[in-house]
Amino acid sequence: MTAWDAVNYALLAAGLVMLVLGYRRSNRNMLLCAGVLLLAFNGVEDFANGFAEGHAGSSARTL
């Protein structure tokens with residue numbers, strides 16, 4: 001199990017908990033937060049890998 005797997009599972013668990021709580025309490029902000037967490041769960045690893053590859057492959061110099 002890698003660190004990214006742990007981050008993905010934590011985001012999934014937090015998203016599902018917020019989804020259930022938001023639905024039971026009829027709280028739109030909690031439902032929005034759940035949607036954002038579940039969206040982040042789906043793409044955080046790909047985003048981080050792409051960012052790292054882009055940073056490593058850039059030819060920009062520091063100021």
Side-chain angles (χ1 to χ4, degrees):
M1 183 170 177
T2 64
W4 286 119
D5 290 337
V7 169
N8 280 337
Y9 290 136
L11 287 172
L12 176 63
L16 291 176
V17 167
M18 292 295 286
L19 185 68
V20 170
L21 289 176
Y23 181 76
R24 287 186 162 253
R25 295 181 183 176
S26 297
N27 190 336
R28 290 181 181 176
N29 288 335
M30 279 188 170
L31 289 171
L32 177 65
C33 182
V36 169
L37 286 173
L38 291 174
L39 183 67
F41 151 74
N42 193 24
V44 71
E45 185 175 3
D46 293 332
F47 174 77
N49 287 338
F51 185 82
E53 288 175 9
H55 187 307
S58 71
S59 61
R61 294 179 293 163
T62 58
L63 295 176

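Residue numbers run from 1 in the order of the sequence given. All values derive from a computational prediction rather than experimental measurement.
- Checked against side-chain contact (heavy atoms from CB on, under 4.5 Å), Ser26 has no partners two or more places apart in sequence or in another chain.
- With sequence neighbours excluded, the residues forming a side-chain hydrogen bond (donor to acceptor under 3.5 Å, both in side chains) with Asp5 are Thr2, listed by chain and number.
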Can you list, pair by pair, the side-chain donor-acceptor contacts under 3.5 Å of residues 51-59, counting residues two or more places apart and other chains?
residue: Ser58; atom: OG; partner: His55; partner atom: O; Å: 3.1

Using a 3.5 Å cut-off and no angle test, enumerate the donor-acceptor pairs between side-chain atoms of residues 28-42 and protein atoms at least two apart in sequence or in another chain.
none

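- Taking Val44 as the reference, Trp4, Val7, Asn8, Leu11 meet the side-chain contact (heavy atoms from CB on, under 4.5 Å) condition, with sequence neighbours excluded.
- Leu12 is connected to Val17 through a chain of hydrophobic side-chain contacts under 4.5 Å among Ile, Leu, Val, Met, Phe, Trp and Tyr, so both are in one cluster.
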